[in-house]
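Protein chains get the first letters and strands the later ones, always in sequence-line order, with residue 1 at the start of each. Remember, predicted model here, so these are calculated numbers, not experimental data.
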Amino acid sequence: MIPIDNYIWLSTVLFSIGVLGVLYRRNAIIIFACIELMLNAVNLLMVSFSNTLNDSRGQVFVFFIMAVAAAEVAVGLAILVMMYRKTKSVDIDILNRLKG
Amino acid sequence: MWLIRFLDNMLTVALIIVPIAAAVLIMALSRQVAKNIALFATLAELVISLVALYQFNSAMGTQYVFTKSWISSLGIAFSVGMDGISLLLVLLTTVLMPGIILSTFNDNSKPASFYSLMLLMQGALVGVFVAQDGFLFYLFWEIALIPIYFICLNWGGENRGKITLKFFIYTLTGSLLMLVALIFLYSKTPGTHTFALSALYEAGRSLDLPHQTFVFACMFLAFAIKMPVFPLHTWQPDTYTVAPVQGTLLLSAIMLKMGVYGVIRWLIPMVPLAVKEWGMTALILSVIGIIYASCIAIVQKDFKRLIAYSSIAHVGLISAGTLTLTTIGLQGAMIQMISHGVVVFGLFYIVEIVFARTQTREIGRLGGIRNVAPALSTSFFIILLSSVALPFTSGFVGEFLLINSLVQYQLWVGGIAGLTIILGAVYMFRTFQKTMSGETNTLTSQITDLATHEKLVLYPIVLLILLLGVFPKPLLDISATAVNNLLSIYSDLSASVK
Amino acid sequence: MTLYLFYFLSFVAILSALLVVFSKSPIHSILYLIITFFSIAGHYVLQNAQFLAAVHIIVYAGAIMVLFLYVIMLLNLNKETEPHKTSLAKIAAVICAGSMMVVLVASLKGASYLMAKPGGDIGLVKNLGKVLFDEFLLPFELSSILLLAAMVGVVMVGKQDQRTQILTNTPSTEANKIE
Amino acid sequence: MSVNTMILFIPLLPLLGFTLIALTQRRITRGTAAWVGCTTVFVSFIFSIILFVKLLNGAEPFTASFFTWISAGNFKSDFSLLVDPLSSLMLLIITGVGFLIHVYSVGYMWEDEGVNRFFSYLNLFVFFMLMLVMGSNYLLMYVGWEGVGLCSYLLIGFWFKNQSYNDAANKAFIMNRVGDLGLILGVILIFINFGSISYAEVFPKVTEGSTALTLITILLFVGAMGKSAQIPLYTWLPDAMAGPTPVSALIHAATMVTAGVYMVARNNILYSLSPVSMELVLIIGLATALFAATIALAQNDIKKVLAYSTVSQLGLMFVALGVGAYASGIFHMATHAFFKALLFLGAGSVIHALHHEQDIRQMGGLKKYIPVTFFTFLIGVLAISGIPPFAGFFSKDDILAKAFEHNQVAWAIAALASLLTSFYMFRLLFLTFYGKTRASEHTLHHVHESPASMTLPLIVLAVLSTIGGLMGVPELFGGGNWIAKFTAPVFARSHKLLPEHQLSHSTEYILMGLIITFTLVVIGMAYRRYISQAHVPASEGATLSPLHKTIYHKYYVDEIYNAIIVKPLYAIGKLFDIVIEKSGIDRLVNLVSESLNDWSVLSARLQTGHVGFYIFIMVIGVVLVVAYSFFR
Amino acid sequence: MNALYVICGIGIFALLAEIFSLKKWISYVALLGLAAAAALIIADWRSISYYFHGMMYFDRVALAFSGLILVVSFFWYWMSSDFFKGDEHVADKSSLTFFVVAGAIMMVAFNNMAILFLGIEILSISLYVLAGSNKQNLFSTEASFKYFLMGSFATGFLLFGIALVYGATGSFNITVISNNTTPVLSSAAIGTQGIPRFYFIGMLLMMVGLAFKISAVPFHQWAPDVYDGAPTPISSFMLTVVKIAAFSAFIKIFAVCFYRYQPTLQMLEQGLMVLTLVVANVAAVAQTSVKRMLAFSGVSQVGYLLLAFSSDGAKSAGVVFYYLAAYSAATLLAFTVIKIVESATGDSSVDKFRGLFKSNPLVAVAMAIALFSLAGIPPLAGFFGKYLVFTLALSNGFLVLTVLAVITSLVGVYYYFKPLIAMTQGEGKILLVSVSDRYLLLILIAINLLMGIFPDIVRVI
């Protein structure tokens, strides 16, 4: 049996890597991908808690997260495409007209 | 009989409602009738207040009480009533308001909203003076700020946006701190929290010194800004100068009395320990203000600014006298408030009359008006005499009592405050000389003497000044009981210390 | 044995996750992400969540990642010339994310008291279905609203309006201006 | 008519006169105004006489209360009037001399367009002066005190088109106000220490060692300094000559300026109990008497000479008060009222005749043109110089004798001052009426004697100046010193307190002889200089000896005051206005809003628009929030 | 609960309307539906109950907040009829709007983390799209993009928190969560008393996620940009409805679910509050666009709400409710005016308000009342909101914080008055105000006044 601590750490590390990616990159698509990575870290955590607690609700929750992730990605990519149409770029730092 | 008693109790409410109702009415009507309705409303208000005066029993405390629970969940009631102090200030308001409205009668440019705001202002001012509930007091205090702000903002002079904003924020700073203090007291009221005046008194008195000091600091700041007391006065000359004349009249003649009234009603009886502890500081600030403002007035070149500074000096004296916590000081403050209201009203109005005819307020450019407008200059002179506290004018009674109380407090404080007698004469007489005496010049030779509506405003003022100077006693009697009631806490306090 | 497997999968997951962040080409990033997903699916299996593992593969690797790739292809972004942050920003990013990780890890210790309860069939479709369609019926229904909203949104955003030709005229100059 | 009504009407009538004239001044003729003005004062005069006679017949002082004026807490001030011997005397002087001057003004001011206004002011002045002396408490006295100051202001600046007249008026008012402040503080201290401000209640309470008595009396005396033009507050009085001459006669010679004397006399008991103040009064009086007399020596304006002479004589009165000879002070005040009014009116007549020429260098030899004026003026000069048997001789001699009793040095200084007085008065007389005339042909052509309305008062006053001394003929000459006896009730307590010397008759004779001799010598000197040698004062701009120059410029006191008080006041005002107000407090207040704007720009800059940056901040926030779990 | 059905139903109706070409009817049905939903809430007032195995719980607080959301939505929909009118996406926009409202109600009435999460996501995803719905405008796109990017990033934290809490308590049901964890966590008690530390971390991460939603500093930076860039009606929607939902969710999580830890979290909340008050108010001063200024002001209001909440936890619900109601009323009024000005002049910079008092008195008065209310000047609604907050804070002894809030509200006056001053100066051109807008203005003015003069009518909880 794998101790739950291991999974907590693993998902924390994965989550942090996701955050790192969001901070590190300028490419909006990769940033989305990193956010997906963060969500997956959460999923992993949820599943491992679910397993440890022997409670299937955690896994059910993961379904919802997946649904949401899918919806989010769809909308997000649509927005991204819309933005790309206008700026011909997916660089997040290009859009900084709203400021001050 | 029953009806009369009911109406009696409703008097105070009527005093608040009538102008507000008229204000709403005016908004709905055309601009032509607006000023007439406004005048009518203020006159009606005057009649009501005179009825109140007539039926007032000066031996009793608060009368014409009307209390109705308003926001029960917060312990807020619509509770109003008048004791002598309130009545005097209400009278001041109701007497001066028709004059203010009248002063616009040659001017057809003011829309209905102007009169509406004026009347709202009157309602709020009366409300401040009659409120018997802490929250209600605060509410009216703030509401009074809004119309005057708009009056100044809409019809003011050059650079009005910035100056009025400064004025607004300045006063709001004070009043918000006051709100904090009031809420603080509210949270200390015994039992179910309430804003009732007596409960707040009780709560305030039961606090220990540090907490009382906090309350004192917050509230005094609010009142000091309103009055204004040195060094919180810098909004005032600018605002007075930039405001339209009616705004200046409202501000100087009535509104700054709110500050003094606040000190008398909401500070002195509320936190006696702190007043004893810190009153000295506040008093000395006020006295500094007297000298300071007088000195500045001496070198002012702008007629209106000069009067504004003189007003600071006078109010400094009032505030200092109030803080001596003596009957004489408080009585002096009361009568001086009335007198100052009337006098400063007259002075500012004369400034406006001169300004309207010459388009300048620069003292150096005027002169010789006595030659062409004797009624104007004579009125000015008599009002000026009251301003410099010549006996048998209203200014003397108050100033004498105030200086008296200050001398009782500390001889040297009284002496310094007394310098106002000299300095006041210096700048006022200099002003009279520069503007009224001498030969006429191109600017002033065309001045016409007072028009009818101006006479209707100024002559009663002059009459009032003389009347109050010779027969001040009825007025002093009105507030005597109330003042003694307020100060009784201090005699109790010193008794308990012994 | 499972522990070793765990370590292996973890290693793969972390490595490929790092590669997602650091690889130059977007395509590579996405592909590394798919590897990460697979290794996570492996973890699911280790955790007795077999059905979820399958769904995970289908949804993430099968749908979402394809969508990503599709967009990359569509926008023709498969270049390695994408602008990078200044190295200062990068260092700051690493420090920031690193400190977050440290703080989180440091504060998350102490979970080991959670003793695994006997069982192990919770990951089966049957058990999941019972929970999902009983206790979680409302969220399940509401997630349809979510998907509906997403659908409407995507259609609305994605649709090229007739009128949209365009106040902010030629996009390329616009982009230059923004630069 | 009851006594109370009469008492009320004495001040009320002039007030009514004022109100009547002031309200209708544009509509009534000058004749009506003059008539109203004179009548009201005259009726008051009649009433005053009636009351005086009653008092003379041994009636108790009358007190008439009308209503409570001010009451606040334990402070109470009634509107109540008092007629006792002291005020009764004052009433006679005020209404009597006042009436004469009213009559005189009819002639003097007839041509002036503001004559109605003039009469209204005069009536108002009489009202306030009456309030001053009749008030039965300090506050009413203060009312009159301030009121006469106001009227003085109005009348000095009567010709308001001339700004230098207005300056003089302002100066008079403000300088008076300095004194008034002292007075009011004194009054307040009296209230604080004795619990009342009514004479009747205060005086009995005053005892040896009453607290703050010295302070009170000094403060009161400060008031007197202002009103009675004593050093250091005397400089307004010469300037006050800007007003029409009747005003100078009434206000600045006969009545108002003696208010200080009246006040000190009224409060004699307070002063008697505080030796320090007495000394102060004496010293100030002496200094003023001598100082003003020296200045008068070199003045060339006929009214200025008289003004300084007034200051000097007032100093002499204070000398009397300072040595405790209150009755003598009052006596001199009365005689002074007669002869100084006479002199001023005479001067007015001269000025009138010469079409408002006031410079004695432009006069001379006028006695043949205006004989009545000359003759009455001569009487005035003789009276003021203390030539027996004119009024001034008795009163002045009384004071000198009392001063000698007290302190020989004081006597010497006072005597010197009075000798100087003789000199400059005769100088004035000689330069004006004797010798060759220096006026222009044109002026001379029009010179004429004044109308009867002017000469009549002159004659009456001349008579009074001649015989006025009889009311105080000392025992020495077999007189009963009636005035001292009449006022004795007022000063009774003081007399008991003060050490009673009695000069031997021989000493008194010697002193008297000495003074008379010296006076004659001085007159001789004046005669030699101005008649025999026909010396004429140097014209404007001529070089003068340093001493002469200093005196001519009045010791530069005005300039000194200007430099140490007026200019600094304005400088302080400017300092406050510019440095503290605008660049201090207001700047600070504005700085709050300005710095708010700066901060705002700064924090708005944090809103960079870069979403990467936002996330960055967010992550930092997360780190901090999570780190909080370690420190909670 | 019925209200939720109605709202979802209308959302779907709007979609179907496009297919069956009933577009004209959408707005009427929408207004009717919102009114009906509000009525249903009132009808449910006395029946407090759980729904669907404790997934939703409509207690008084939830009912009141849902009612508020519906009423505000009603007026909002009225106000933004122009936004929907004549647009080819009218059906999409309407349905998305209703999905937002549905999500908001879920956030208000949830009793399970799943509902909370789904509610947030339904709301957010719809808003991402709505924020970008003005496709011609690059600002709108930028707003949408920023909102989406940061929103989904924040969701990650929220979920991480939920996962940790789940791990510690074994449940998503907040009733269970709040009951399960008997011992109060102390700093030393890591794991030893049955409560692992990561439970606390979970709470903190949830707070991060929700702080993002309510836009508390330092998680606020999306807010001004998004409010500014999004189409004006959507901005006002986000400032009112979304804020109400987010804050009531915040209250529910931290005052109901984690109520035992409120004292330990208090400091943190106060830290957020201080930052929010200072940063947002100060930053607002420099704004020249009224819309953006109100965006910052919207952020700053969160500070006052946090002050109330951190002072007294669950008991603050009544105050928060009043505050949000007052704030929404004022904001709607202000945005109605902004919309009118914007449609006439193109943008909402302060200059565009010049001379409004002369040219359009009604509009100007409305704006003045809105600004006064926002600034907290009596007797308007906003004043009572602040008043109640201060009272609550003071009665719990937070003197210094109250004074700070007072000072920042003064800063508020400073910037709120800029448009006010502009309105009184110069000459403005006469704007066209439609009849419906006119009535809306009058009604909103009345509401602002009434709420101020008789605050008791709104103080239902």
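Taking both residues in full, the closest heavy atoms of E:P218 and D:G621 are given as CG-CA, 4.0 Å, listed atom of the first, atom of the second, then distance. Closest heavy-atom contact between E:F157 and D:V622: CE2-CG1, 3.6 Å.
Considering only heavy-atom pairs separated by less than 4.5 Å from chain D, the leading option among E:F212, E:W222, E:Y415 is E:F212. Chosen from E:V208, E:D225, E:V217, the residue pairing most often with chain D at heavy-atom distances under 4.5 Å is E:D225. Between chain E and the options D:T608, D:D598, D:V601, D:L596, heavy-atom pairs under 4.5 Å are most frequent for D:L596.
Between the side chain of E:Q221 and the main chain of D:M618, no donor-acceptor pair closer than 3.5 Å is present.
Only the side chain of E:I201 comes within contact range of chain D, with at least one heavy atom under 4.5 Å from a heavy atom of that chain. With a 4.5 Å cut-off on non-hydrogen atoms, E:A154 touches chain D through its backbone and its side chain both. Neither the backbone nor the side chain of E:L275 comes within less than 4.5 Å of any heavy atom in chain D.
Atom OG of residue D:S600 and atom OH of residue E:Y414 lie 9.0 Å apart, to the nearest 0.5 angstrom. Taking CE of E:M150 as the start and OH of D:Y614 as the end, the distance is 8.0 Å to the nearest 0.5 Å.
The closest side-chain heavy-atom distance from D:W599 to E:V285 is not below 4.5 Å. Side-chain atoms of D:Q607 and E:Q287, non-hydrogen and from C-beta on, never get closer than 4.5 Å to each other. Between D:V625 and E:F219 there is a side-chain heavy-atom pair separated by less than 4.5 Å.
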